[in-house]
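Taking it in order: structure first as structure tokens, then the write-up.
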Amino acid sequence: EVQLVESGGALVQAGGSLRLSCEAPGITFDDYTVGWFRQAPGKKRVGVSAISASGYLDYADSVKGRFTVGKNNAKNTVYLQMNSLNPEDTDIYYCAAVRGEGKYYFLDEQNYDYWGQGTQVTVSS
């Protein structure tokens with residue numbers, strides 16, 4: 001089974017920035033839609049951002065203007081650049097992938113077949 005691996009999570013002060021990366025040696029991201037999700041303890045996992053196989057970008061309203069998703073095809077990685085972080089961004093962040101475009105809304109976790117284990121992002125006040 002395809003295993004995605006997230007990295008880059010850290011503790012950062014409010015207003016700071018982080019760059020998360022997603023890797024998957026078993027697939028070529030250029031052929032997949034990749035989404036970013038986040039989840040706090042005891043709460044529902046929600047979509048943050050996504051980049052489709054055709055290059056379409058999508059963002060949750062809560063992160064528009066602050067987060068940027070992209071692909072580095074040379075390295076076969078997907079990144080999530082997070083700027084102007086606030087404490088509400090504190091969550092475990094997951095990347096997910098599906099071949100092609102998937103069958104659901106890009107920020108719906110049902111759209112994805114493969115998931116990583118998550119990386120912790122903590123934003124202090």
Side-chain angles (χ1 to χ4, degrees):
E1 183 174 331
V2 175
Q3 179 66 59
L4 278 59
V5 181
E6 306 93 339
S7 63
L11 171 65
V12 64
Q13 292 184 339
S17 298
L18 287 172
R19 188 180 180 94
L20 306 183
S21 295
C22 180
E23 301 181 43
I27 63 174
T28 300
F29 276 140
D30 191 48
D31 300 325
Y32 287 72
T33 293
V34 179
W36 287 95
F37 295 78
R38 63 188 184 185
Q39 185 174 32
K43 294 188 177 181
K44 184 180 179 181
R45 184 160 59 190
V46 297
V48 175
S49 185
I51 180 167
S52 78
S54 62
Y56 182 83
L57 309 179
D58 206 356
Y59 298 93
D61 288 342
S62 60
V63 306
K64 287 181 179 177
R66 300 189 298 122
F67 291 11
T68 303
V69 66
K71 292 181 180 178
N72 185 332
N73 289 327
K75 295 183 177 181
N76 194 39
T77 61
V78 173
Y79 65 84
L80 182 67
Q81 178 67 42
M82 306 186 295
N83 299 324
S84 301
L85 288 163
N86 59 63
E88 287 68 41
D89 297 316
T90 295
D91 280 309
I92 299 174
Y93 284 70
Y94 301 86
C95 64
V98 61
R99 189 173 184 178
E101 303 294 310
K103 298 171 60 177
Y104 299 87
Y105 174 48
F106 291 144
L107 299 185
D108 184 342
E109 64 181 1
Q110 291 181 300
N111 196 50
Y112 300 94
D113 294 324
Y114 309 115
W115 292 82
Q117 294 296 113
T119 186
Q120 178 70 49
V121 171
T122 303
V123 184
S124 62
S125 300

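Just so it is clear, the values below take in all heavy atoms, side chains as well, and ignore hydrogens, waters and symmetry mates.
- Phe37 and Trp115 have their aromatic ring centers within a separation under 6.0 angstrom.
- Donor-acceptor pairing under 3.5 Å is lacking for the side chains of Asn111 and Glu109.
- Of all non-hydrogen atoms in Glu6 and Gly118, the two that sit nearest each other are OE1-N, 2.8 Å.
- Contact annotation: the side chain of Val48 never approaches that of Tyr59 to less than 4.5 Å [non-hydrogen atoms, C-beta and beyond].
- At least one side-chain heavy atom of Leu20 sits less than 4.5 Å from a side-chain heavy atom of Thr119.
- Residues Gln39 and Asp91 share a closest heavy-atom pair of C-OD1, 3.1 Å.
- Residues Val98 and Tyr114 have side chains not in contact (no heavy-atom distance under 4.5 Å, counting atoms from C-beta outward).
- Side-chain atoms of Asp108 come within 3.5 Å of backbone atoms of Gln110 as a donor-acceptor pair (strictly under, hydrogens ignored).
- Looking at Leu18 and Val123, their side chains never come closer than 4.5 Å, going by heavy atoms from C-beta outward.
- For CD of Gln120, the number of neighbouring non-hydrogen atoms (other residues, nucleotides, ligands) closer than 6.0 Å is greater than 12.
- Met82 contributes atom CE, which lies 11.0 Å from atom OG of Ser49 (distance to the nearest 0.5 angstrom).
- In this structure, Asp58 and Tyr105 have side chains that are in contact, with non-hydrogen atoms separated by less than 4.5 Å.
- With a 4.5 Å cut-off on side-chain heavy atoms, Cys95 and Leu4 count as touching.
- Residues Tyr104 and Tyr112 place their aromatic rings such that the two centres sit no closer than 6.0 Å.
- With contacts defined as side-chain heavy-atom distances shorter than 4.5 Å, the pair Val69/Tyr79 does not qualify.
- Put simply, the side chain of Ser62 does not reach to within 4.5 Å of the side chain of Glu88, judged on heavy atoms.
- No cation-pi contact links Arg38 to Tyr94, judged by a cut-off of 6.0 Å to the six-membered ring centre and 45° from its axis.
- Between Arg66 and Asp89 there is a salt bridge, since at least one side-chain N of the basic residue sits less than 4.0 Å from a carboxylate O of the acidic one.
- For Asn72, the side chain to side chain contact (heavy atoms under 4.5 Å, CB included) partners are Ala74, Lys75, Thr77, not counting sequence neighbours.
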